[in-house]
Amino acid sequence: QVQVVESGGGLVQAGGSLRLSCGASGRTFEIYTMGWFRQAPGKEREFVATINWSDYSTNYEDSVKGRFTVSRDNAKNTVYLQINSLKPEDTAVYYCAASWLFTVQTSEYTYWGQGTQVTVSS
């Protein structure tokens with residue numbers, strides 16, 4: 001089992017920044033990819049960004065490229081999502097998840113956190 005816990009969400013004004021954190025524990029050697037997803041009210045959960053657990057390669061959804069940066073602290077088993085130039089449409093619950101694959105497919109992530117709310121006011 002792998003446990004993931006997100007933190008760092010909050011209420012920010014448009015144009016502001018946030019850094020979300022995701023701590024992983026348990027059988028972390030099983031992890032191949034950590035992913036960030038988000039779900040806005042009334043919408044399906046969508047892929048945001050991924051980072052490979054071994055080689056740190058990353059992948060981003062097109063609409064967040066240039067504003068979102070995913071990174072990892074190896075010593076802390078923690079993955080971060082730096083979000084800059086926040087827009088009201090970024091408002092969502094942000095989830096961190098772990099997968100055995102390098103994938104952007106929600107269905108291929110096995111372990112999920114509880115989510116952290118990000119609200120962007122205009």
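Model, not experiment: these values are computed from the prediction.
Under the 4.5 Å side-chain heavy-atom criterion for ILVMFWY residues, a single connected hydrophobic cluster contains both L81 and Y111. Y56 and V64 fall within the same hydrophobic cluster, defined by Ile, Leu, Val, Met, Phe, Trp and Tyr side-chain heavy atoms under 4.5 Å apart, directly or through other members. V104 and V79 end up in different hydrophobic clusters when Ile, Leu, Val, Met, Phe, Trp and Tyr side chains are linked at under 4.5 Å.
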Can you list the steps and then say if N77 with R72 is a side-chain contact (heavy atoms from CB on, under 4.5 Å)? CA-CA 7 Å; N77 277 346; R72 181 191 164 193; 3.8 Å; yes
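A pairwise comparison of heavy atoms in A92 and Q117 identifies O-NE2, 3.4 Å as the closest pair. Taking both residues in full, the closest heavy atoms of L20 and G9 are given as CD2-N, 3.6 Å, listed atom of the first, atom of the second, then distance. Scanning all heavy atoms of the two residues, the minimum distance from N52 to S54 falls at OD1-N, 2.7 Å.
For the disulfide (SG to SG under 2.5 Å) condition, the pairs that include at least one residue of residues 23-105, sequence neighbours left out, are C22-C96. Here ring pair (Phe, Tyr, Trp, His ring centres under 6.0 Å) pairs that include residues 68-103, with residues two or more places apart or in two chains, number zero. Within the structure, every pair that satisfies the ring pair (Phe, Tyr, Trp, His ring centres under 6.0 Å) test and touches residues 16-39, not counting sequence neighbours, is listed here: F37-Y109, F37-W112.
If you chain together ILVMFWY residues whose side-chain heavy atoms come under 4.5 Å of each other, L11 ends up in a group of its own.
T91 places a side-chain N or O within donor-acceptor distance of the main-chain N or O of V120, the cut-off being under 3.5 Å. The backbone N or O of E6 sits nowhere less than 3.5 Å from a side-chain atom of T116 that would complete a donor-acceptor pair. In this structure a side-chain-to-backbone donor-acceptor pair under 3.5 Å is present from E61 to S63. Not one N or O on the side chain of T58 forms a donor-acceptor pair closer than 3.5 Å with the backbone of I51.
How far CZ of R38 is from CD of E46: 4.5 Å, rounded to the nearest 0.5 Å. Interatomic distance, S122 OG to Q13 CD, rounded to the nearest 0.5 Å: 9.5 Å. Interatomic distance, OG1 of T78 versus CG of D73, reported as 6.0 Å (0.5 Å rounding). The distance from the CG atom of L86 to the CG atom of L18 is 5.5 Å, given to the nearest 0.5 Å.
The number of heavy atoms from other shown groups lying within 6.0 Å of NZ (K76) does not exceed 12.
Considering only heavy atoms from C-beta on, T33 stays 4.5 Å or farther from T103 through its side chain.
Under the rule for a side-chain contact (heavy atoms from CB on, under 4.5 Å), the partners of S85 that lie at least two apart in sequence or sit in another chain are R67. With sequence neighbours left out, I31 forms a side-chain contact (heavy atoms from CB on, under 4.5 Å) with V2, A24, T28, M34, W53, A98.
Taking the charged nitrogens against the carboxylate oxygens, K65 and D62 do have a contact shorter than 4.0 Å, which makes a salt bridge.
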